[in-house]
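When a ligand or atom number is given, it counts from 1 through the structure's own listing order.
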Amino acid sequence: MPVILGIESSCDETSAAICVDGAILSNVIANQTIHAAYGGVVPELASRVHQLNIIPTVQQALINAKVNKNDIDAVAFTRGPGLLGSLLVGVSFAKAFALAQNLPLIEVNHMQAHVLAHFIDEHKPNFPFLCLTVSGGHTQIVLVKNYFDMEIIGQTTDDAAGEALDKTSKILGLPYPGGPMIDKYARSGNADAFKFPEPNIPDYNFSFSGLKTSILYFIRDNVAKDPLFLQNRINDICASVEKRVTTILLNKLKKAAQAYQIKDIALAGGVSANTGLREGLKTLGEQMSWNTFIPKFEYCTDNAAMIAIAGYYKFLNNDFVGQNVAPLARMPF
Ligand code: KG4
Ligand code: ZN
């Protein structure tokens, strides 16, 4: 019955979770609202707020799980990829806690943890499956052969999907964070109102920078003709952008699924919280007779439950690291 404490601090969410024998008993997430005023995450501020939040977040996770700190068997933490200053807080906390409690340490790759979020609840995918991992910093199609045997078969050559949505939202003058705002406005818009281009990129790779530029010019030209364009058409613009991002992602996923002849198809990462993408995957899955897997909303965006579950599987493999571990802003898969 291993009890794992999971720690996540790679970007702007401080999170702690308790996993007991593969079941998540608590998952506390402290969001950082300070960045809204700057229109994006300010790395130095993020690390300072992690520093303030880390201890109360862990304490709350223990209280919610009704677990005593002396019952913990191992500490799993995000080693990377992420913002270095943010990672340092979680890694340093994990090391200090493990040293004080004489516990083993488990390093976790944040992107692999997004994939492993599918093993938190029942209705788990079967190996091998494909996972489209879409976040603010990454866009990947991952061939998941086993818990820690994963291969990136396609990825973005420039911006990530979440980054494209966040930048579009900035162009539209919407508040940060942009992805959820686009989702919100898109719900009452016409997704066929405007047509944005689909890039022609080989294999299973993606590109979103051209889309971002075309949106920028589209808005500039239309606002020049009609100063109220943005105000009057914001819902239709958001719905059309969301539709294009969704079709870019799903067309590549379909291509990969056909080539690899895989029918278990999963979605992960912050952008998998997007309503249009979730519905799009469900519809495509029905057409293609796929078994589709979409995590619960709280396990889509950054959270420590996914770190704790990854830690649990590593614990079973006796896969530990020493106290000389340091964070990696770019961590190989
Ligand atoms: O995985 P995540 O929480 O952090 C990273 O590892 O980057 O992903 C954050 C990204 C942001 O770009 C955010 O705008 C996007 O996920 N996002 C959404 C939604 N919720 C979060 N994008 C579209 N629709 C949403 N509902
Ligand atoms: Zn993430």
> Would a distance-only check, ignoring hydrogens and angles, find a side-chain to backbone donor-acceptor pair under 3.5 Å from Q32 to A46?
Replying inline: yes
> Should D183 and R187 count as an ion pair when the cut-off is N to O under 4.0 Å?
Replying inline: yes
> Among protein heavy atoms, which sits nearest to atom 26 (N) of ligand 1, and what does the distance come to when rounded to 0.1 Å?
Replying inline: D183 OD2, 2.9 Å
> For the side chain of K252 and the backbone of N205, is there at least one donor-acceptor N/O pair under 3.5 Å apart?
Replying inline: yes
>> I need the nearest protein heavy-atom contact for atom 21 (C) of ligand 1: residue, atom name and distance, please.
In response: G270 O, 3.4 Å
> Between L165 and ligand 1, which residue portion shows a heavy-atom distance shorter than 4.0 Å: side chain, backbone, both, or neither?
Replying inline: side chain
> For atom 22 (N) of ligand 1, what is the nearest protein heavy atom, given as residue, atom name and distance?
Replying inline: G179 CA, 3.3 Å
> So is there a nitrogen or oxygen of G162 less than 3.5 Å from a nitrogen or oxygen in ligand 1?
Replying inline: yes
> Is the shortest side-chain N to carboxylate O distance from E286 to K282 below 4.0 Å?
Replying inline: no
>> Between Q323 (side chain only) and K95 (backbone N and O only), is there a donor and an acceptor less than 3.5 Å apart?
In response: yes
>> Any atom of ligand 1 sitting under 4.0 Å from a heavy atom of E242?
In response: no
>> Parallel, tilted or perpendicular, judged at 30° and 60°: which one describes the rings of Y147 and Y313?
In response: parallel
> With the Zn ion (ligand 2) as the point of reference, which N/O/S atom of D302 is the closest?
Replying inline: OD1
>> If we ignore hydrogens and angles and just use 3.5 Å, is the side chain of T157 paired with the main-chain N or O of F206 as donor and acceptor?
In response: yes
> Any idea which protein heavy atom is nearest atom 3 (O) of ligand 1, and the distance to it?
Replying inline: D302 N, 3.1 Å
> Among protein heavy atoms, which sits nearest to atom 24 (N) of ligand 1, and what does the distance come to when rounded to 0.1 Å?
Replying inline: N274 ND2, 3.1 Å
> Considering only protein heavy atoms, which is closest to atom 13 (C) of ligand 1, and at what distance to one decimal place?
Replying inline: D166 OD1, 3.8 Å
> How far is atom 10 (C) of ligand 1 from its nearest protein heavy atom, and which residue and atom is that?
Replying inline: G136 N, 3.4 Å
